[in-house]
Amino acid sequence: MLRETLSIVGGLQGDQLNGLYIASQLSRFLQAVEEGREDGYKISGKIQIFPLANMPALENGTRFWGLDNLDFDLAFPGSSVCDASERLCNAIYSHTANSDFGVLLHNDFYAQYPHVQH
């Protein structure tokens, strides 16, 4: 049986808290579905959630990684041999590259615009 994979990534920039909140709420809902507490819902594939990709930026309340001012939005797929920020982008990319579907929780100007790719 083929199991499709959905990857959800949020928190690429430290000033985008909506994605972190949405990922948290989604995780709670999916847990309830898995435990059978949400009638009418069933998980039939694999779902992986990366709620916060850029913790240093969140701690500083900025869009950029604090050590090298890298914007994670522009850093993918990253590199396995560069600075820590690019290695982290590369690790997230490696874990999501074979997903069948992807959602990027990203917001600008207080509005949420998820990006869905297939």
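Computed over heavy atoms, backbone and side chain alike; hydrogens, waters and symmetry mates excluded. Index from 1, following the sequence.
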Asker: Applying a strict under-4.5 Å side-chain criterion to I, L, V, M, F, W and Y, I'd like to know whether L88 and L104 cluster together.
Answerer: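 Yes; tracing contacts between hydrophobic side chains, which count when under 4.5 Å, links both residues.
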Asker: Which donor-acceptor pairs under 3.5 Å do side chains of residues 25-33 form with protein atoms, sequence neighbours excluded?
Answerer:
residue	atom	partner	partner atom	Å
S27	OG	A23	O	2.9
Q31	NE2	E35	OE2	2.6

Asker: Could you tell me if the side chain of L105 sits less than 4.5 Å from the side chain of I8, heavy atoms only?
Answerer: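 The answer is yes, as the side chains (C-beta and beyond) meet within the 4.5 Å cut-off.
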Asker: List the atom of I43, the atom of G45, and the distance in Å for their closest heavy-atom pair.
Answerer: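 Reported closest heavy-atom pair: CG2-O, 3.4 Å.
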Asker: Side chain of S24, backbone of L20: donor and acceptor closer than 3.5 Å?
Answerer: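 Such a contact is absent between S24 side chain and L20 backbone.
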Asker: Please list, one pair per line, the donor and acceptor atoms closer than 3.5 Å that link side chains of residues 74-86 to other protein atoms, with sequence neighbours excluded.
Answerer:
residue	atom	partner	partner atom	Å
S79	OG	V81	N	3.2
S85	OG	D68	OD2	2.7

Asker: Pairs under 3.5 angstrom only: tabulate donor-acceptor contacts from the side chains of residues 46-61 to other protein residues two or more places apart or in another chain.
Answerer:
residue	atom	partner	partner atom	Å
Q48	NE2	S7	OG	2.7
Q48	NE2	H95	O	2.6
N54	OD1	A57	N	3.2
N54	ND2	L12	O	3.1
N60	ND2	P56	O	3.1

Asker: CG of L70 to CD of Q13: how many Å apart, nearest 0.5 Å?
Answerer: 10.0 Å
